[in-house]
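Taking it in order: structure first as structure tokens, then the write-up.
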Amino acid sequence: YQDALEHRDVNCPYCDAPFTLWVDISQGRHMTWQDCPQCCAPIQMRVEVSGISGELESIMLGQDDDVL
């Protein structure tokens with residue numbers, strides 16, 4: 001299971017605080033939410049995983065009312 005976790009250094013789309021985001025890539029492409037560890041705002045996340053290689057391609061972060 002530990003091999004399915006990838007991390008990226010990102011910034012909160014609300015307060016711009018930097019933090020390390022851990023993503024479970026075993027779920028493939030998916031949408032999820034995580035609260036900012038600094039301001040506690042709900043961050044919307046769109047995770048893109050390659051269907052061929054299974055590698056993390058991108059993570060898009062947005063505020064709760066953004067359309068990702």
Side-chain angles (χ1 to χ4, degrees):
Y1 177 75
Q2 199 167 16
D3 292 341
L5 293 177
E6 292 274 338
H7 70 280
R8 293 287 185 274
D9 292 327
V10 297
N11 290 71
C12 174
Y14 293 92
C15 70
D16 202 39
F19 66 98
T20 300
L21 178 67
W22 288 90
V23 178
D24 180 2
I25 60 171
S26 70
Q27 297 180 40
R29 180 171 55 170
H30 64 281
M31 297 286 292
T32 189
W33 297 81
Q34 179 172 323
D35 291 340
C36 172
Q38 183 69 35
C39 71
C40 300
I43 302 170
Q44 183 181 180
M45 299 184 302
R46 180 176 167 185
V47 179
E48 296 289 336
V49 177
S50 170
I52 297 170
S53 68
E55 294 181 5
L56 180 62
E57 292 182 339
S58 67
I59 301 172
M60 294 177 64
L61 302 181
Q63 296 182 5
D64 63 351
D65 57 354
D66 289 343
V67 176
L68 299 180

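Computed from a predicted structure; not experimentally measured.
- Atoms CD and SG, on Gln34 and Cys12 in that order, are 10.0 Å from each other to the nearest 0.5 Å.
- When the side-chain hydrogen bond (donor to acceptor under 3.5 Å, both in side chains) test is applied to Asp16, no partner is found at least two apart in sequence or on another chain.
- Distance check, rounded to the nearest 0.5 Å: CZ of Arg29 to OG of Ser58 gives 10.0 Å.
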Run Ile43 and Asp35 through side chain to side chain contact (heavy atoms under 4.5 Å, CB included) and show every step you take. CA-CA 6 Å; Ile43 302 170; Asp35 291 340; over 6 Å; no
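- The hydrophobic side chain of Ile52 is isolated, with no ILVMFWY side chain under 4.5 Å apart from it.
- The ring-ring contact (aromatic ring centres under 6.0 Å, His included) analysis of residues 3-25, with sequence neighbours excluded, yields the pairs His7-Trp22.
- Residues in residues 37-55 take part in these side-chain hydrogen bond (donor to acceptor under 3.5 Å, both in side chains) pairs, two or more places apart or across chains: Arg46-Glu48, Ser50-Ser53.
- Heavy-atom neighbours of Arg8 CZ from other residues, nucleotides or ligands within 6.0 Å: above the threshold of 12.
- Listed by chain and residue number, Ile25, Val47, Leu56 satisfy the side chain to side chain contact (heavy atoms under 4.5 Å, CB included) test with Val49 (two or more places apart in sequence, or in another chain).
- By the 4.5 Å heavy-atom criterion applied to side chains, Val10 and Met45 are not counted as neighbours.
- Met60 shares a hydrophobic cluster with Met31, Leu68; the chain of contacts runs through ILVMFWY side chains whose heavy atoms sit under 4.5 Å apart.
- Counting only heavy atoms from C-beta outward, the side chains of Asp24 and Thr32 never approach each other to under 4.5 Å.
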